[in-house]
Amino acid sequence: FLLGIPTSSARAFPPVRVDRNRWQYDLFFTDDFKVNSRLTLNLGVRYELHQPWRENHHMISQFDIGTGSIVIEDGAMSKVSPIFPKGYVGIVEAKTVGWPGRTLLRTDRNNFAPRIGIAWRPFGSRTVFRTGYGLFFDVVPRNLNMGGVPFVLNEPGYTNPIGNPDVILPRVFPTTGTGGPSTAGIPAAVNPDLKIPYSMQYNVTIEHQLWDTGFRISYIGTNTRQGDWSYDYNSPAPDTRLYIDKPRPFPRYPSISYYTNGAGHQYHGLTLEAERQMAKGLYFQSSWTWARDIGDMERGMGPENPFDRRRCVAVAEDIPTHRVTANAIYQFPFGKGRHWMSGASRPLNLLVGGWEISAIYSIYSGQFLTPYWSGPDPTGTAYTTSRTPASVTRRPDHLRDANLPEDQRSVNRWFDEKAFEQPRAGQYGTAARGVIKGPGVNVWHVGFFKNFEFAERGPRLRWELTATNFFNHPNWSNPGSTNITQLGNVGVISGVGGVNGSSTGDQPGPRSFRMGVRVEW
C-alpha cells in the first residue's frame, strides 16, 4: 500500500432513495346501552382496510416460489441494475404472475373487528360482574424489499495481480471493470395473499367491595392468529448428507426466506387483587398474577427446522409464571388533622406531624431460558458452497431436567449443563425453547417522607428519602450463557440486575438511595 499498489479493491453503487407510503381506512361504531340499573352493554364494531406499501419510484421486488423468478412492479424493468447477471435468475413484471402491479401483494379486505363489553350487578351495588371480548388487527402490513436487488447490485471485489497490477494509486479500480457479478442475492418471498394478523382479547372479572376495600378476581386471555412467520423455502431435508449433495427446490440459489401466515400464541392469566383507597391514613394495593403464554413464532421469526414449525411451540420466555406485587402508603397518626396530637402547636406539629412511609414489594418467578449448542451443522440444512458443513448455533438434545434443586443452585452453576448434549447426526436437537428457569426477583423499595407546613396558606416543604432494593437482596441476572459449548461460562451468573449492576426492567440492581427536597404551593 505504501508503494501505491493495493492488493484488492471494491466499489459499491450508491443506495437509491426509497419513498414508501400506504393508505389505510379505519371506520368504527360504538355505543353504550344501559338496559336497566343493573345491566350495561358496550357494543362496537370496526372495519379496517390497511393497504400494502407502495414505493414511489416503483422499486419493489420479491421472489416468486411458483415461477422461480424475481417479480418487480409493472413497468419497472428499466430500473433493474445494468450489471445484474444475465441468465442467473429470471426477472418478470407482476402482471406476468397475476400479482397487483404496484404492491405485489393483494389487499386483505375482510378485516371486521367486533367488540362487546358487559357490566352486571345482580346482587346490589357492592358486587359487579364484568366481561369483554374484542378482536384487533395489526396496524402495519408487512414491508417488502424496496430499493435492493435487482435495482441495486454491487460489483464483486477485485484482486490486484501481484506481477502485473492493474490498480495503482490514484487509480482505485480497473478501468475495464470486472464484468459484474455472476450471482446475486435473492430477495425474500412473501405469500401474495398474506393476511393481516389479528389478536383476540377477552376477560371475565368479579369485583366486590368489603371493609372499604375492593377485591377483584379476573381471568384475562389474549392470542394471536394468522401471525406471519418465515422459513427457508430453499432448505434441503435434514439428514446425514452434506448440504451440497441434497436436492433443493432451487439448487442454483442460496437460502430463500418465505413469509406466510400461520403463527400464533395463546396467553391465559388469573389475577387476584385487593385495593384500599386512602382511609385513616392507610392506602394499599396488592395483586397476584398466575400466567402462562405459549406460542411458536413471533412476527417474522423463523424456526430452526423449516419443515416443522410446531417444534418451536413453547412457553414465552419473558412472561413469568407468578408475579406478586404489593404497595402501601401509611401516614403516621401524629400532628394536625391526625388521631394523636391533633391540637399540637405549630412548632410541635413541624416536628411530629406530616410523616409518611411507603413500600413496594415485588416477587416474580424467573424468565424461561433456552439452551444452545454451537458446532458444524449436523443436519446439512445450513447454506454452504463447500463440502465443509456450516457452523451453526441451535438447540441441543435434552436428556433430563436441567433445573437444579434450590439448595444446589449457585452463581457458578445455575443449571445442569450436562442435561444437554450435542444433537445426533442428521437430526435437530430435542430441547424445547424455555426449558431453563432463570433467577427470580424478590425486592423491597421503601420511601420516607416529611411534609413541613409553616403557615395555613402558603408554600409547603416536602423532604423525601427513597431506597430501591432497601434490604439489598441479591437479584441475580440471567446466566451469561446457556450455550453448552462455551465451557467455563455456561450457567455462570456474573452480576445482579442489568449491565454493571444497574437496574433494568424487573431486575433491580444493588441498594441505592435518593434524597430530595421540594417546595409545593
Side-chain angles (χ1 to χ4, degrees), residues 238 240 243 298 301-305 311-312 314-321 363-384 386 388-443 469 472-512:
T240 56
Y243 182 91
E298 298 287 346
M301 286 179 56
E304 285 188 350
N305 184 352
R311 179 177 171 270
C312 288
V315 61
E317 299 184 356
D318 56 351
I319 303 295
T321 302
I363 180 169
Y364 309 151
S365 55
Q367 293 183 329
F368 298 94
L369 311 176
T370 300
Y372 292 102
W373 165 88
S374 297
D377 177 19
T379 62
T381 57
Y383 176 74
T384 179
S386 72
T388 301
S391 296
V392 297
T393 296
R394 291 179 179 156
R395 302 199 297 271
D397 275 349
H398 196 174
L399 307 179
R400 58 182 180 273
D401 186 5
N403 296 292
L404 297 170
E406 186 174 354
D407 60 348
Q408 297 181 23
R409 291 197 300 258
S410 69
V411 294
N412 296 317
R413 188 169 181 258
W414 186 258
F415 64 90
D416 180 12
E417 72 282 0
K418 294 183 174 59
F420 307 100
E421 68 176 11
Q422 175 181 342
R424 288 171 288 180
Q427 299 182 20
Y428 288 92
T430 59
R433 295 187 296 122
V435 296
I436 301 171
K437 297 178 181 178
V441 171
N442 189 327
V443 63
N469 196 1
N472 207 30
H473 185 277
N475 291 274
W476 305 116
S477 57
N478 289 326
S481 174
T482 58
N483 191 316
I484 62 173
T485 54
Q486 296 181 354
L487 302 179
N489 191 36
V490 57
V492 177
I493 296 176
S494 57
V496 295
V499 179
N500 298 324
S502 64
S503 177
T504 58
D506 290 335
Q507 288 286 5
R511 177 173 53 206
S512 63

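What you see below is based on every heavy atom in this structure, not just the backbone, and it leaves out hydrogens, waters and symmetry mates.
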inquiry  = Can you give me the closest heavy-atom contact between Val441 and Val443, atom names plus distance?
reply    = CG1-CG1, 3.8 Å
query = Does some side-chain heavy atom of Thr321 sit less than 4.5 Å from a side-chain heavy atom of Lys437?
reply = no
Heavy-atom donor-acceptor pair, Arg433 side chain to Cys312 backbone, under 3.5 Å = yes
task = Give a yes or no on this: more than 12 heavy atoms of other residues, nucleotides or ligands lie within 6.0 Å of atom CD of Gln427.
result = yes
query = Do Phe420 and Val490 pass the side-chain contact (heavy atoms from CB on, under 4.5 Å) test, and can you show the C-alpha distance, the side-chain angles, and the key distance before you say yes or no?
reply = CA-CA 12 Å; Phe420 307 100; Val490 57; over 6 Å; no
ask   = In Å, rounded to the nearest 0.5 Å, how long is the span from CZ of Arg400 to NZ of Lys418?
value = 9.0 Å
ask   = Say you draw a straight line from OG of Ser494 to CG of Asn489; how long is it, rounded to the nearest 0.5 Å?
value = 7.5 Å
ask   = Looking only at heavy atoms, what is the nearest atom pair of Gly509 and Asn469, with distance?
value = O-ND2, 2.9 Å
ask   = Of the non-hydrogen atoms in Gly434 and Val315, which two are nearest, and what is the gap between them?
value = O-CG1, 3.9 Å
task = Taking Arg395 for its side chain and Gly429 for its backbone only, find out whether a donor-acceptor pair lies under 3.5 Å.
result = no
ask   = Would a 4.5 Å heavy-atom cut-off, applied to side chains only, mark Asn403 and Ile436 as touching?
value = yes
query = Side-chain contact, heavy-atom cut-off 4.5 Å: Arg394 with Thr379?
reply = yes
query = If you round to the nearest 0.5 Å, how far is CZ of Arg424 from CG of Asp397?
reply = 5.5 Å
request  = Nearest 0.5 Å please: distance from the CD1 atom of Ile484 over to the CD atom of Gln422.
outcome  = 8.0 Å
query = Is there a side-chain contact between Leu369 and Phe415 (heavy atoms, below 4.5 Å)?
reply = no
note = Note: Asn478 and Pro439 closest approach over all heavy atoms is OD1-CD, 3.4 Å
note = Nearest heavy-atom contact between Val496 and Pro510 is CG2-CD, 4.0 Å
query = Taking Tyr364 for the side chain and Pro320 for the main chain, is one N or O donor matched with an acceptor at less than 3.5 Å?
reply = no
query = OG1/Thr393 to CG/Asp377 distance, rounded to the nearest 0.5 angstrom?
reply = 11.0 Å
ask   = Minimum heavy-atom separation for Thr370 to Ala432, with atom names?
value = CG2-O, 4.4 Å
ask   = Any donor-acceptor pair under 3.5 Å linking the side chain of Thr384 with the backbone of Pro389?
value = no
request  = Could you tell me whether the side chain of Asn475 reaches within less than 4.5 Å of the side chain of Asn442, counting heavy atoms only?
outcome  = yes
request  = Taking the side chain as every heavy atom from C-beta outward, state whether Pro378 and Trp373 have any pair of such atoms under 4.5 Å apart.
outcome  = yes
key: Separation between OG1 of Thr381 and OH of Tyr243, rounded to the nearest 0.5 Å   = 8.5 Å
